Amino acid sequence: MTMTREELTVAAEQAFSAQDLAPDAETSWQTISDMGWLMMCVPDERGGLGLGLEARAVIHHALGRSLVSGPAITQMMAIDGLAGGERSAATDALLERAMTGEVMTAPLSHTRDGKRLEAVPDADRASHVLDTSDERIALIPLAGCTIVERETWDTTRRLFDVTPTGEGAVTLAQGETAKQLNAAIQTNMLVALAADALGGAEAALAMSVEYLGTRRQFGRPLAMFQALKHRCANMRAQLSLAEALLWQEVQGSPDPIAAGALKAHCCHAYQHIAEEAIQLHGGVGLTVEHSCHLFLKRAFLDGALGGTCDHWEELAGRRLLAAE
Amino acid sequence: MRNCLNTGLNIIMDEALEDLRKKLRSWLASNAPTNWRSAETHEIFVAQQRDWFKKLVAAGYAIPHWPAEWPGGGRSLAEQKVIYEELARADTPRLLLTFISTYHAFATLSECANDDQKARYLPNILKGELWCQGFSEPNAGSDLAAIHTRAVRDGDHYVVNGQKVWSTMAQYADRCLLLARTDASGVPQAGITYLLMDMNAPGVSVRPIRQIQGDEEFAEIFLDDVRIPVSERVGAEGDGWKVAQATLASERGLTLMELSYRMRGALWRIAELIRTQGRTDDAGVMRDFGRLAARVDSVCAIADAFLRKRIDGSEQLGDASIVKLGYSRCLRAYTDLGVRLGSLSEQYLAPITFGDLNSGNWMADFMNSYAWTIAGGSDEVQRNIIAERMLGMAREPKSWTLGKSI
């Protein structure tokens, strides 16, 4: 596989246009599956394309930019579990099904309440849910599980609480292997959320700059007012810095704390840019007809999923304190 | 993509970098200046700077960004980063005195000067000849093209009159990169000429500027009928604006990479402060520290990305402004966290370290951080450039003129 980041970015941006925000979920899932993205990060020997974190970030950046709904992040986590765990005829078959688009999901909440898994995207149409801990990674059939929809402000995602029965669970890894695989799955999830955030931030900024160029008040385009220009410049700078950090980190092999600090940094940028986007749009930004609010809501959800910014920043600070 | 890379080559490169790191560390163990933070006067500081530069030149670490034909030059970007990180980690002084010589003068001379000028000046930089920059004026700061200093041709000389300000270490400089106006008839950018001035020439006088944190990093230069030979002109008459871009570009590329990596290398100072202030169990402080570290990492990452773009020719309008704005705002946040954690103890007057942006005297460092939010094009100018040239937002109308406003 010798695809470059640029080639993959072009392909992703052709598949999901920035002009078509929050596209139909069914069609989007078909596109994601048809593009082969679900098998992109699976090793060659397991039938995938063997690409790494950078490719993963490119895909989720594109999905975030167009506010694509659906369980792409958690599907890839389930696939990571299947591809990274113990190999058997059963897991080979499950992996094949997952790579070709059968929905499998996982919780995006960092904490759990007893047996209940929280923030599980698209659990109502998924066949399995991935249950991860440092001791055991398992894939649990959703048939028979208690599934409760939890409506979120962000309507581009659908989250559920799942209380598994545990019946028919396939253990993918245990012991030291489970610990390592869990760390890898967490890192992948956090990088995906970081990339989603920066894709959305890019779109929200572009939309705001365009609006300021079109909207006229006091006899001139709003873009001509220096007070507004400087805010856009700050948004652009914040986004560029976060992008530089993202594309640097995905060239290496970050652990969950490094990926968590990255996610926090990117989500701060997204939240700030989405917040400013509504303010810069004025009254129209407050209406549901305009798409500004979709970015704001997704930005805040991204910040809360996969462990809060506070959580990861504290861990990163503690680790750095011990090292310096 | 990661798997496109030749990992075998990477391992060899990583080993070479680790080797450089080890060599530099062991050299620093016996050569790093130790008492420089307590320099009591500016004269002692300057003497220490000269001495440290000499040592670094001899050991081959002073000018890693120069081409390979110079001793100690020809280092890759990755090697340069290792050098800056290790110099910061060993708490060595930043080369402020020779900063303009090795960056601005070097870049200008090597890109725009003629062979005679290069031969006369470049080797002397390594011997310690000091340059300063005569760009800003009292009424031409962020609006640099508005300079008024006049150069009038008189035979084979220019006669220069005017005033320059915010010139780094000009009080110690031997030579000056000078912008002067030779023609006032066209647009401000035209009619500027770039001259190399001897600071000991008759008519040149220098007065240091005392800054709010107590340092004297900058000076004013007064020019009174100073005669500069025409042979000291860089580029054609009236091409000074173009040449000045080469001078300024040197500052926004490598300098910011060095400063960013030094800032990262000095993160231990915050860690030390957290410990001495007994805040290690304070989750809020841990979060702020973690958050700042990610921000510092992002500044280093964008400085890297910018240099790669510059090297492969894909730099775009506004990129340099984002790097500078990112660094300057991060430096302010960094010093702000230090002041906050230091609490009342940082409010008692304490001796400053001359010429250091990350000295650990947090109140002084905070005040010194304005050097980067104002100098070299203020944050506001950078934001204008980002908004107008990168985001394509409309320029303000230029109809306002002095005297006609309401």
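The structure displayed is predicted, hence computed values, not measured ones. Each chain gets a letter, A, B and so on, in the order its sequence line appears, and its residues count up from 1.
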| message | Quick check for you: among A:Gln248, A:Met224, A:Met235, which has the greatest number of heavy-atom pairs under 4.5 Å with chain B? | response |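 Of the candidates given, the most pairs with chain B belong to A:Met224.
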| request: Would you mind telling me which of A:Ala316, A:Cys232, A:Ala261 has the largest number of heavy-atom pairs within less than 4.5 Å of chain B? | output: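 Of the candidates given, the most pairs with chain B belong to A:Cys232.
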With a 4.0 Å cut-off on N to O distance, would you call [X] and [Y] a salt bridge?
X        : Y        : answer
A:Glu243 : A:Arg236 : yes
B:Arg269 : B:Glu272 : no
B:Asp91  : B:Arg37  : yes
A:Arg65  : A:Asp196 : no
B:Arg21  : B:Asp14  : no

With only heavy atoms counted, which part of [X] is less than 4.5 Å from chain A, the side chain, the backbone, both or neither?
X        : value
B:Asp304 : side chain
B:Leu391 : both
B:Arg329 : neither

Using a 4.5 angstrom heavy-atom cutoff, name the option from [options] with the most pairs to chain A.
options                                : result
B:Gly326, B:Ala293, B:Ala283, B:Ala305 : B:Ala283
B:Met390, B:Glu396, B:Arg291           : B:Arg291
B:Gly284, B:Cys330, B:Ala394           : B:Ala394
B:Glu388, B:Arg275, B:Met393, B:Arg295 : B:Met393

| task | Check step by step if salt bridge (charged side-chain N to carboxylate O under 4.0 Å, His left out) holds for B:Glu315 and B:Lys309. | result | CA-CA 5 Å; B:Glu315 181 187 347; B:Lys309 278 187 180 182; over 6 Å; no
So which part of [X] gets closer than 4.5 Å to some heavy atom of chain B, the side chain, the backbone, both or neither?
X        : result
A:Arg319 : neither
A:Leu241 : both
A:His265 : side chain

| field | Closest contact, heavy atoms only, B:Asp319 versus B:Ser314 | value |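 The answer is OD2-O, 4.4 Å.
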| message | Before you tell me yes or no, could you show the steps for B:Arg94 and B:Asp356 under salt bridge (charged side-chain N to carboxylate O under 4.0 Å, His left out), namely the whole-Å CA-CA distance, both residues' side-chain angles and the distance that decides it to 0.1 Å? | response | CA-CA 7 Å; B:Arg94 183 178 157 233; B:Asp356 189 12; over 6 Å; no
